[in-house]
Protein chains: 2
Amino acid sequence: MYRNRVTSRDVAKLAGVSRTTVSLVLNNVQGIQISPETRQKVIQAANELGYVPDATAQALVSRRTKAIGLVLTRTHHHIATDAFLPKIISGLLTTAKQHNIRILIDWVETEHQESAYFELARAKRIDGMILSTPRLNDSAIKALETADIPTVLMGSVAGSTLPFVDVDNVQAAEKAASYLLDLGHREIACISNAPPEYTAAPERVQGFRNAMARAGASVKERLVCFADFDPESGYRCMKSLLESGERFTAVFVASDNVAIGAKAALREAGLHIPGDISLIGFDDIPWAMYSDPPLTTIRLPAEALAQKACTLLLNLINGRENRQTNRIILETELIVRKSCKAIQ
Amino acid sequence: MYRNRVTSRDVAKLAGVSRTTVSLVLNNVQGIQISPETRQKVIQAANELGYVPDATAQALVSRRTKAIGLVLTRTHHHIATDAFLPKIISGLLTTAKQHNIRILIDWVETEHQESAYFELARAKRIDGMILSTPRLNDSAIKALETADIPTVLMGSVAGSTLPFVDVDNVQAAEKAASYLLDLGHREIACISNAPPEYTAAPERVQGFRNAMARAGASVKERLVCFADFDPESGYRCMKSLLESGERFTAVFVASDNVAIGAKAALREAGLHIPGDISLIGFDDIPWAMYSDPPLTTIRLPAEALAQKACTLLLNLINGRENRQTNRIILETELIVRKSCKAIQ
DNA sequence: ACGAGTTAGTAACACGTGTTAGCCAAGGAT
DNA sequence: ATCCTTGGCTAACACGTGTTACTAACTCGT
């Protein structure tokens, strides 16, 4: 099996035709005349030799690598504890596979942001990229907008004209808060999913505020806290809420992953869910339904988001879409489980 | 910014030298004489134009793509709910970045196994691959062993001579079971992490049996159940254990992810952890410590495994290692939390 | 018989890089 | 004066493919 590379030249030689013919036959080029017998000979020879075209050579000449990049922008630790990444990857993989495209994962350390984004595409390693949970400063946004690199954001960025795929975070958070309000809660705390630089975070908090205002409930500023993606930050936020001395009967946590930590803090404080405190999450990660009690949450269609992002990017790459006008918003859904209780 | 590609030819022209010189200077080729002034001119020109070498062209001529593949072999659903994937990816990313290597994720549907494994490497998309949680039939193993594709397994496969990175599953499971036995438990159930085709599953069960035998405790066959990676399967397994009518005071679950589901089933049955049943997991996923109660478990060094796998693969690719003799075993660690209680 | 059109296929270039063999001038040794 | 070395650089090939322009043979209508 230490066989040397099989090239199209070998196939041509075995089939007794030219390399051009091999290429025309195997790529099934339309509008060209090759006799059925020759076709057969070529296909036969290719199978016999186990010919697989060299992807790099194809990429060089066609100027398409048939690969897209998934660019992660967060810290090492946040990637390792991201409960959402598997769904995103699995969504990406299914759509990519349908189009015979590969996925390159890359990681841009925040330090060298602006330049690093381009290197992959400039080096022609990928045909386009998906930026996950972007947090961009203005110069980086502008650079990406004017650059000639098909880019799709997963999650939107304020003030950017880049195509993106996202949910309506404001509306989704309103749903969550309204649910708590409908259950009679008025003193509600809010823990964000991430620091305010990540657009989704202030949006979700805003949704919370909107619902509260509409119901005539006042928001205690000391009961609004910004977490940082992981359970640990949720734990810390909840601790600080409990220590604030403000009373609250329910908490909206804008991320299930953060809620896991928040829940642990409540437990440590001897508080029972939903008996003492109602808790609603956001995302519906796979573990939410197995939580104790099963976590009521807002379902984010993670795989669908990834799939849409992938299709959108492919359309962009193939020039089938106008890059200025592509913003896809998917629906969220309130999943009622058992972590919230009505106020008597 | 719609600037055309900048090639080494453009750099050469601007610097007033030949393309060869550009290549020699920028790649810092040793043992060749270029005057310092010329060097400076070339570097200056390259910076000015923002030259980035075309990766595909480099790959074509150097026969190195500078990319490795992470090949996932499980179902769509299992990938989406894999609590370990983020750590593996983050581990891979850090090591890969150090060596300026990219990571391509691919997914081999089980149907077309044997052939699909090779396509990536045969197409020269990657220089080598890491197979995660492999489950290979004999022909696939043989094919991989004799093929000329650097391959590293994450998790071992019985009867294979391929290089791998793994933990000592038997010993680790013994640790877990011994811990329960030391607490005085004798009637212990066992839920595997996966179906028996995945080598780690029978190994962990074997470790459980070893510890039981050594302690003179008998294993009730109806208390051994094989789960299937996700919480749902853990839920089902625990249900069937409870319905078996066999008495047990503790359960060893060979995967935290599975344990999440098992725990939910116990809760539904009105059983309390650790009051009624002691539960020990395996893996130490990020959510284990925030579980209620915090889950006692065996820590698997996921990121370290990924990093070792990556380094090993790179050594293999660069011919610095003998592919026949490379098996790396990392240590596991018992993490005592609060899900197990001594029998009175 | 002869030009026009079709059929079946090929030679040759392009993609952008790494690398080998070699060229030329200047200087030193014989 | 001739030969050899050495520093500094370049022409030319190779990597494996897609594609365009072109040719040679063959058919066909008049």
Side-chain angles (χ1 to χ4, degrees), chain A residues 3-43 45-46 49-67 100 119 121-125 127, chain B residues 3-43 45-46 49-67 100 119 121-125 127:
Chain A
R3 192 150 53 180
N4 279 339
R5 277 210 71 59
V6 177
T7 75
S8 66
R9 179 166 283 107
D10 300 327
V11 177
K13 194 174 295 176
L14 180 58
V17 298
S18 77
R19 219 176 48 65
T20 305
T21 305
V22 172
S23 173
L24 294 176
V25 169
L26 295 184
N27 292 327
N28 208 11
V29 175
Q30 298 300 318
I32 215 136
Q33 311 280 6
I34 306 274
S35 77
E37 303 92 58
T38 309
R39 282 206 135 77
Q40 195 46 47
K41 267 194 299 183
V42 170
I43 292 170
L49 295 175
Y51 170 65
V52 178
D54 184 310
T56 57
Q58 285 181 319
L60 182 59
V61 66
S62 73
R63 306 175 132 180
R64 285 283 147 81
T65 62
K66 300 193 114 191
N100 195 24
E119 244 169 75
R122 287 274 282 285
K124 290 278 228 107
R125 271 238 166 78
D127 297 331
Chain B
R3 192 150 54 179
N4 280 339
R5 282 210 68 59
V6 176
T7 75
S8 67
R9 180 166 283 109
D10 300 327
V11 178
K13 195 174 295 178
L14 180 58
V17 298
S18 77
R19 220 177 46 64
T20 305
T21 305
V22 172
S23 173
L24 294 176
V25 169
L26 295 185
N27 293 327
N28 208 11
V29 175
Q30 298 300 318
I32 214 132
Q33 311 281 4
I34 307 273
S35 76
E37 304 91 59
T38 309
R39 281 203 135 78
Q40 194 46 48
K41 268 194 298 182
V42 169
I43 292 170
L49 295 174
Y51 170 65
V52 179
D54 184 311
T56 57
Q58 285 182 318
L60 182 59
V61 66
S62 73
R63 304 177 132 175
R64 285 281 149 81
T65 62
K66 300 191 115 192
N100 194 24
E119 246 170 74
R122 287 274 282 284
K124 291 281 224 105
R125 269 236 165 84
D127 298 331

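Letters go in sequence order (proteins before strands), and every chain restarts at 1.
- Using a 4.0 Å cut-off, some side-chain N or O of A/Arg63 falls inside it from OP1 or OP2 of C/dG16.
- Between the CD1 atom in A/Ile32 and the CG atom in A/Asn27 there is a gap of 11.5 Å [rounded to 0.5 Å].
- Across all strands, A/Thr7 comes closer than 4.0 Å only to sugar-phosphate atoms, never to a base (heavy-atom distances).
- Side chain to side chain, B/Thr20 and B/Ser23 fail the donor-acceptor criterion of an N or O pair below 3.5 Å.
- Whole-Å rounding puts the A/Ile32 CD1 to D/dA21 C1' distance at 11 Å.
- Contact annotation: B/Ser35 reaches the phosphate of D/dC9 (side-chain N/O to OP1 or OP2, under 4.0 Å).
- Computed from coordinates, the A/Ile34 CD1 to D/dA25 C1' distance equals 15 Å when rounded to whole Å.
- Atom CZ in B/Arg125 sits roughly 16 Å away from atom P in D/dG16 (whole-Å rounding).
- From one end of the helix from C/dA1-D/dT30 to C/dT30-D/dA1 to the other, with five pairs defining each end axis, the axis direction shifts by 70° (rounded to 10°).
- Heavy-atom distances to DNA chain D give each of B/Gly16 and A/Ser23 a nearest nucleotide, and the one nearer the 5′ end belongs to B/Gly16.
- Base engagement by A/Thr20 is indicated by at least one non-hydrogen atom pair under 4.0 Å involving a base atom.
- One finds the OH atom of B/Tyr51 at 10.5 Å from the CZ atom of B/Arg9 (value rounded to the nearest 0.5 Å).
- Under the 4.5 Å side-chain criterion, counting only non-hydrogen atoms from C-beta, B/Lys124 is in contact with A/Arg5.
- A sub-4.0 Å separation between OP1 or OP2 of D/dT10 and a side-chain N or O of B/Ser18 is present.
- In this structure, B/Val61 and B/Pro36 both approach DNA chain D, and ranking their closest nucleotides by distance from the 5' end singles out B/Pro36.
- Nucleotide C/dG16 holds its C1' atom 13 Å from the CG atom of B/Asn27, rounded to whole Å.
- B/Arg19 places its CZ atom 15 Å from the P atom of D/dA14, with the value rounded to the nearest Å.
- Within the 4.0 angstrom heavy-atom criterion, base atoms lie near B/Leu60.
- No contact: B/Val29 has no heavy atom under 4.0 Å from any strand.
- Residues A/Arg19 and A/Ser8 come closest through the heavy atom pair CG-OG, 3.1 Å.
- With contacts defined as side-chain heavy-atom distances shorter than 4.5 Å, the pair A/Leu26/A/Val42 qualifies.
- Nucleic acid contact class of A/Thr21 (heavy atoms, under 4.0 Å, all strands): base.
- For A/Val17, counting side-chain heavy atoms from C-beta on, the closest listed nucleotide (C/dT10, D/dT17, C/dG16) is C/dT10.
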Could you walk me through whether B/Ile43 and B/Val25 pass side-chain contact (heavy atoms from CB on, under 4.5 Å), step by step?
-> CA-CA 8 Å; B/Ile43 292 170; B/Val25 169; 4.0 Å; yes
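- Considering CG of B/Leu24 and CZ of B/Arg39, their distance stands at 8.5 Å, rounded to 0.5 Å.
- Rounded to whole Å, the distance from CG on B/Asp54 to P on D/dG16 is 17 Å.
- Look at NZ on B/Lys66: it is 21 Å from P on D/dC15, rounded to the nearest Å.
- Here the P atom of nucleotide D/dG16 and the NZ atom of A/Lys13 are 13 Å apart, to the nearest Å.
- Across all strands, A/Thr38 comes closer than 4.0 Å only to sugar-phosphate atoms, never to a base (heavy-atom distances).
- Between A/Gln33 and C/dT7 there is a side-chain polar atom (N or O) within less than 4.0 angstrom of OP1 or OP2.
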